[in-house]
K.L.:
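Before I ask anything, here is the structure I am working with.
Along the sequence shown, residues are numbered consecutively beginning with 1.
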Amino acid sequence: MSPDTRPQPARDSVFRDLSDTAAVPAAPQVPARRRRPGLARTGRGGPGLSSVAAAAVLWGTTGVVVRLVQACAGLSAAAIGCYRLGSAALVLSLVRPAILGRAARALRRRPWPLVVSGTGLGAYQALYFLGVQEAGVGIATLVSLGVAPVVAPAVAAARRRRCPSAGSLGVLVAALVGLVLVSLPALGSGGQGSVALGVLASVGSGLGYAFTVLLNRRVTADVDPLTLTALTGAIGAAVLLPVALAEGPVVVTGWAAGAGLLYLGAVCTALAYGLFYGGLRTTAGDVAVVVTLLEPLTATLLAVILLGEPMTVPTAVGSLLMLGSIVVLSLLPRR
């Protein structure tokens, strides 16, 4: 999951129900920009759409690369998350040196929300990687991506003290059925304990992502997206480092594992988020939701082709139910 980095995105539009007054984009938020006349009418195609699609595909490669790193270096989920967030923060700081000064000023203004946000980012990254390790790339990616959007209407209803609409309830039921079907390997596998742990970790990753989104809504008004990404990434890496040291080795010597970790930080995080935010400037939100579903599709296909992960009928049906629920929730009228 991508921050996200699983954090992280579908990552912006599906959280519109989490606020009574405004849309809640995924962390970090895209600053408001003045659009040229007619931009909204042409926001369903063009370079922006290609950028969003490219970001989704890059995010979809994360799980397979994580499995490669685990196989080559034997790193724990916390260690991989630490490397990913730390390298992303380093790359962004090298590409845009002004980020260092902006991050220092932001940290002085709002230290605790940013520290909590970075801690949440590190936590849901590590939980996603644990889900990949135990349940497989396809299941972990789908569950972690799908959980947060489908609980958004329930959170909004609780805050407003009224029941969700009939349409939202129907979609939520379909999403929960899909989650159960996707989780069936935890019951039918010989190593059911490990698969169940992976599913639970993926659910925790999705919920952690949702929490971080809600928190970042309060700090993104005066912090630009890439600065927030670099700052929370550095904080998340620092939080995960002692956990990684306690769990086992953290030194990487092989070139394959080192290249994989660099790819996770520089490509799947820094580059992917840059493409995503740039694409959202000229891409309609409902279109972005559909296009970012390329992430679980890419992850599942790569897992089946490269890792030999099985695709059972219940898993396929559950995947369609969950992905369809995300699309429908993003298109339902907001009250």
Side-chain angles (χ1 to χ4, degrees), residues 1-11 52-88 91 124-147 182-183 185-186 189 191 194-195 197-199 201-202 205-206 209 252 254-273 275-276 291-312 315-316 318-319 322-323:
M1 193 163 170
S2 45
D4 254 327
T5 46
R6 185 181 17 108
Q8 51 207 280
R11 297 174 184 265
V52 172
V57 171
L58 291 177
W59 283 325
T61 65
T62 300
V64 172
V65 177
V66 168
R67 290 291 294 271
L68 170 66
V69 171
Q70 289 171 337
C72 293
L75 296 178
S76 66
I80 296 175
C82 179
Y83 272 110
R84 178 185 183 179
L85 296 178
S87 59
V91 168
Y124 78 71
Q125 287 284 313
L127 285 171
Y128 169 66
F129 296 150
L130 179 60
V132 168
Q133 174 182 310
E134 302 295 341
V137 175
I139 292 177
T141 303
L142 181 64
V143 172
S144 61
L145 177 68
V147 163
V182 167
S183 305
S189 171
S194 296
V195 179
L197 174 62
V199 172
S202 301
S205 176
Y209 173 69
V252 177
W255 68 269
L261 291 171
L262 181 60
Y263 175 84
L264 288 175
V267 179
C268 293
T269 306
L271 176 59
Y273 274 103
L275 289 170
F276 183 65
V291 173
T292 49
L293 294 181
L294 286 171
E295 177 182 352
L297 176 61
T298 300
T300 301
L301 291 177
L302 289 177
V304 171
I305 296 172
L306 299 180
L307 303 178
E309 291 187 2
M311 173 57 70
T312 63
T315 301
S319 300
M322 292 189 71
L323 297 180

K.L.:
Can you see which heavy atom on Ala140 is nearest to which on Gly131, and at what distance?
P.N.:
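That closest heavy-atom pairing would be CB-C, 3.5 Å.
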K.L.:
So do the side chains of Cys268 and Thr61 get within less than 4.5 Å of each other, counting heavy atoms only?
P.N.:
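Counting from C-beta outward, Cys268 and Thr61 do come under 4.5 Å.
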K.L.:
Has the side chain of Thr315 got a donor or acceptor atom that lies under 3.5 Å from a matching backbone atom of Met311?
P.N.:
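Not at all, since once roles are kept as given, no pair shorter than 3.5 Å links the two residues.
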K.L.:
Check side-chain contact (heavy atoms from CB on, under 4.5 Å) between Leu301 and all other residues, then give those that pass, not counting sequence neighbours.
P.N.:
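Checked Leu301 against side-chain contact (heavy atoms from CB on, under 4.5 Å); matches are Leu297.
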K.L.:
For residues Leu294 and Ala53, report the shortest heavy-atom separation together with the two atoms involved.
P.N.:
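For Leu294 versus Ala53, the nearest heavy atoms are CD1-CB, 3.8 Å.
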K.L.:
Can you list everything that forms a side-chain contact (heavy atoms from CB on, under 4.5 Å) with Leu142? Sequence neighbours excluded, please.
P.N.:
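Testing Leu142 for side-chain contact (heavy atoms from CB on, under 4.5 Å), a comparison that skips the adjacent residues, returns Val182, Pro296, Ser319, Met322, Leu323.
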K.L.:
How close do Ala299 and Thr141 get, counting heavy atoms only, and between which atoms?
P.N.:
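Minimum heavy-atom separation between Ala299 and Thr141: CB-OG1, 3.7 Å.
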K.L.:
Which pairs count as salt bridge (charged side-chain N to carboxylate O under 4.0 Å, His left out) when at least one residue sits in residues 299-311, sequence neighbours excluded?
P.N.:
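Qualifying pairs, neighbours excluded: Arg67-Glu309.
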K.L.:
Are the side chain of Ser202 and the backbone of Gly198 linked by a donor-acceptor contact shorter than 3.5 Å?
P.N.:
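The answer is yes, because a donor-acceptor pair under 3.5 Å joins these two groups.
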K.L.:
State which residues pass side-chain contact (heavy atoms from CB on, under 4.5 Å) with Ala54; sequence neighbours excluded, sorted by chain then number.
P.N.:
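Expected list: Leu275.
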K.L.:
Could you tabulate the donor-acceptor pairs under 3.5 Å formed by side-chain atoms of residues 75-83, not counting sequence neighbours?
P.N.:
from	atom 1	to	atom 2	distance (Å)
Ser76	OG	Ala79	N	3.2
Ser76	OG	Glu247	OE1	2.9
Tyr83	OH	Val250	O	2.4

K.L.:
Given side-chain contact (heavy atoms from CB on, under 4.5 Å), test Thr298 with Trp59 step by step and report yes or no.
P.N.:
CA-CA 8 Å; Thr298 300; Trp59 283 325; over 6 Å; no
K.L.:
Return the minimal non-hydrogen interatomic distance between Ala135 and Val199, and the atom names on each side.
P.N.:
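Here Ala135 and Val199 meet closest at CB-N, 4.0 Å.
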K.L.:
Check step by step if side-chain contact (heavy atoms from CB on, under 4.5 Å) holds for Tyr263 and Leu58.
P.N.:
CA-CA 10 Å; Tyr263 175 84; Leu58 291 177; 3.9 Å; yes
K.L.:
Heavy atoms, side chains only, cut-off 4.5 Å: are Leu302 and Leu307 in contact?
P.N.:
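Result no, sub-4.5 Å side-chain heavy-atom pair not found.
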K.L.:
How long is the span from the CG atom in Leu262 to the CZ atom in Arg84, to the nearest 0.5 Å?
P.N.:
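If I round to the nearest 0.5 Å, the distance is 12.5 Å.
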K.L.:
Are Phe129 and Thr62 close enough that some pair of their side-chain heavy atoms sits under 4.5 Å apart?
P.N.:
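A side-chain contact exists here, since the closest heavy-atom pair is under 4.5 Å.
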K.L.:
Would you name the heavy atoms of Val137 and Ala303 that are closest together and state the gap between them?
P.N.:
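Heavy atoms of Val137 and Ala303 come nearest at CB-CB, 3.8 Å.
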K.L.:
Gly258 and Val252: which non-hydrogen atoms are nearest, and at how many Å?
P.N.:
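Shortest heavy-atom separation between Gly258 and Val252 comes out as N-CG1, 3.6 Å.
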K.L.:
With Ser87, which residues qualify under side chain to side chain donor-acceptor pair (under 3.5 Å), at least two apart?
P.N.:
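Ser87 satisfies side chain to side chain donor-acceptor pair (under 3.5 Å) with no other residue.
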